[in-house]
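Note that ligands are numbered from 1 as they come in the structure, with each ligand's atoms numbered from 1 the same way.
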Amino acid sequence: MIIIGTLRLESNLFLAPLAGYTNLAFRLVIRRIGGSVLPTTDMVHARGILEKGEGSVILTKSCREDQPLRVQLFGANPDEVARAAEWLASEGVAAVDINMGCPAHKVLRSGAGSAIICDHDKAVEMAAKTVKTVKIPVTVKMRLGWDDKNISAPLLAARFEDVGVAAITIHGRTRAQGFSGSVNLDGIRQVVQAVKRIPVIGNGDITKPEHARQMMDYTGCAGVMIGRGALLNPWIFLATRAFLQGDTLPLKPLPAERVEYMNFHFRTMVEQFGEYQASRCFRKMGVWYAKSLPNGKAFHRSITMVESQSHYDEIVAGQLLPYLHLPEAEWPRGKCKDVSLPVPAGPNSMW
Ligand SMILES: Cc1cc2nc3c(=O)[nH]c(=O)nc-3n(C[C@H](O)[C@H](O)[C@H](O)COP(=O)(O)O)c2cc1C
């Protein structure tokens, strides 16, 4: 159990916000499998919410089964972030997270994301105003700092706690690191030690239950957040929970079960975004499912070109259904092309 402000959550495992992926459909897949109990949406621009921009509001779309939900806001203006949080709270959102970690150039240029942590007073003002404006818990997600010479997260975490922030998620990398190198557990530990009461959630590179255990033991963090590991394996929360509790690990899901979740995922995306956009967005998601399915190589090739619901059904019927009953040793040969998330590599000044 973990307490985040007024929320008592039965699990300390969290689905990370992944722009372009953590839409309603994926969150429902994770919840149905038995995963994160407080997933976070993709980051949504605060001004977009205030102006009721279609692109922003659609990202906050939810349903009864998708509760409680945390929406992540980003923005450069503390008033806008606070007012956007107010609207979200009035719509029934359970918690608001403020993004202070995005390293993407176009977000930084607007003064949001990681750029905020360069101005400590403004970062604290943004958090404080938002906390004062809403009754729901306000949390912050950030990186360790701008670069190795400017590790600001411990100091900021303590100031955020003082103004009423209910929890901190810390990705154990600096903004300059982008996604390169490995996650800095010492850095996460410093943030844990900097706060008095609020939970600190550790984040970065967890793709196996053992990684979660290691991060929690080494840093003392109260829970972990998993991003890319959940795309690779949506069952990771279930397995991690069992592992942390010392229970027997659940069996790997059968291919038929994976396909059932994938079908649900696609259908729900069509309901949320319409057939055209859903098909295009699903192309990058389907390749993750392909990795653990029989005939995955051929399926991978086809799903990257999916055009519509009927085309999707055709691909599944032709390339997966005939093979689902086969034992793994008899799966058609051919390794599925390795997929990785399109994270920018190296120096990120050009992102
Ligand atoms: C494609 C992609 C999109 C992301 N979008 C967001 C976002 O919207 N908000 C955010 O705070 N972090 C975002 N992140 C960072 C992740 O939430 C997480 O901090 C990072 O991937 C490290 O965790 P992981 O190793 O478990 O993936 C994104 C990362 C990736 C790869």
Side-chain angles (χ1 to χ4, degrees), residues 13-23 26-27 30 35-36 38-46 48-49 55-56 58-60 69-75 81 95-108 110 112-117 123 138-145 153 167-175 177-185 187-188 191 200-212 214-216 219 221 223-234 236-237 240 281 283-285 287-288 339-345 348 351:
L13 308 176
F14 298 88
L15 173 65
L18 295 168
Y21 294 89
T22 34
N23 46 49
F26 187 54
R27 296 195 303 269
I30 294 290
S36 168
L38 185 68
T40 311
T41 62
D42 296 19
M43 59 181 187
V44 189
H45 200 281
I49 291 281
S56 301
I58 201 169
L59 293 175
T60 68
L69 177 66
R70 173 162 58 175
V71 173
Q72 188 185 62
L73 288 172
F74 76 103
V81 170
V96 164
D97 189 59
I98 306 178
N99 179 318
M100 298 197 186
C102 182
H105 196 50
K106 63 179 183 203
V107 173
L108 296 181
S110 73
S114 297
I116 306 261
I117 59 173
V138 174
T139 59
V140 170
K141 180 168 179 285
M142 60 183 168
R143 287 179 173 241
L144 291 175
I168 307 279
T169 304
I170 182 78
H171 177 186
R173 288 189 172 85
T174 61
R175 171 263 169 203
Q177 248 185 302
F179 285 85
S180 63
S182 51
V183 77
N184 175 351
L185 293 182
I188 296 178
V191 177
V200 171
I201 313 301
N203 168 241
D205 298 353
I206 295 176
T207 53
K208 292 188 178 138
E210 300 89 289
H211 299 159
Q214 192 196 0
M215 185 180 279
M216 290 175 72
T219 68
C221 64
V224 295
M225 180 176 266
I226 305 176
R228 291 166 294 174
L231 290 179
L232 194 61
N233 173 21
I236 191 169
F237 296 100
T240 305
C281 288
R283 291 172 180 176
K284 62 184 179 195
M285 198 61 226
V287 298
W288 290 90
V339 282
S340 55
L341 270 188
V343 293
N348 55 15
W351 293 7

Counting only heavy atoms closer than 4.0 Å, does ligand 1 sit against the backbone of Asn99, its side chain, both, or neither?
side chain

What part of Phe179, side chain, backbone, both or neither, has a heavy atom within less than 4.0 angstrom of ligand 1?
side chain

Test Val200 against every option in Val191, Thr169, Thr219 by the side-chain contact (heavy atoms from CB on, under 4.5 Å) rule and name the one that passes.
Val191

Ligand-side contact atoms (ligand 1) for residue partner Gln72, heavy atom cut-off under 4.0 Å
7 (C), 8 (O), 9 (N), 10 (C), 11 (O)

Show me which atoms of ligand 1 lie under 4.0 Å from any heavy atom of Lys141.
10 (C), 11 (O), 12 (N), 15 (C), 16 (C), 17 (O), 18 (C), 19 (O)

Contact between Cys102 and ligand 1, counting heavy atoms under 4.0 Å?
no

Given the options Val138, Ile98, Val96, Val81 meets side-chain contact (heavy atoms from CB on, under 4.5 Å) only with Ile98

Heteroatom distance test (Ala19, ligand 1): nitrogen or oxygen, under 3.5 angstrom:
yes

Side chain or backbone of Asn203 under 4.0 Å from ligand 1, or both, or neither, by non-hydrogen atoms?
side chain

Could you measure the distance from the CZ atom of Arg228 to the CH2 atom of Trp288? Nearest 0.5 Å is fine.
8.5 Å

Can you list the atoms of ligand 1 that are under 4.0 Å from a heavy atom of Gly204?
23 (O), 25 (O)

Going by the order shown, which atoms of ligand 1 are within less than 4.0 Å of some heavy atom of Asp205?
24 (P), 25 (O), 26 (O)

In terms of atom number and element, which parts of ligand 1 are under 4.0 angstrom from non-hydrogen atoms of Ala16?
17 (O)

Give a yes or no answer on whether the side chain of Arg143 reaches the backbone of Ser114 with a donor-acceptor pair at less than 3.5 Å.
no

Check each of Arg228, Met142, Met100 against atom 24 (P) of ligand 1 and report the one with the nearest heavy atom.
Arg228

What's the shortest heavy-atom distance between Met216 and Val224, and which atoms?
CG-CG1, 3.8 Å

Backbone N or O of Gln72 within a donor-acceptor pair of the Thr41 side chain at under 3.5 Å?
yes

Using distance alone, decide if ligand 1 has a nitrogen or oxygen within less than 3.5 Å of any nitrogen or oxygen in Ile206.
no

Is it true that atom NZ of Lys284 has more than 12 heavy atoms of other residues, nucleotides or ligands lying nearer than 6.0 Å?
yes

Are the side chain of Arg175 and the backbone N or O of Ala115 linked by a donor-acceptor pair below 3.5 Å?
no

Sole candidate of Val71, Thr139, Leu38 that passes side-chain contact (heavy atoms from CB on, under 4.5 Å) when paired with Asp97
Thr139

Going by heavy-atom distance to atom 17 (O) of ligand 1, choose the closest among Ala230, Gly101, Pro17, Ala104.
Pro17

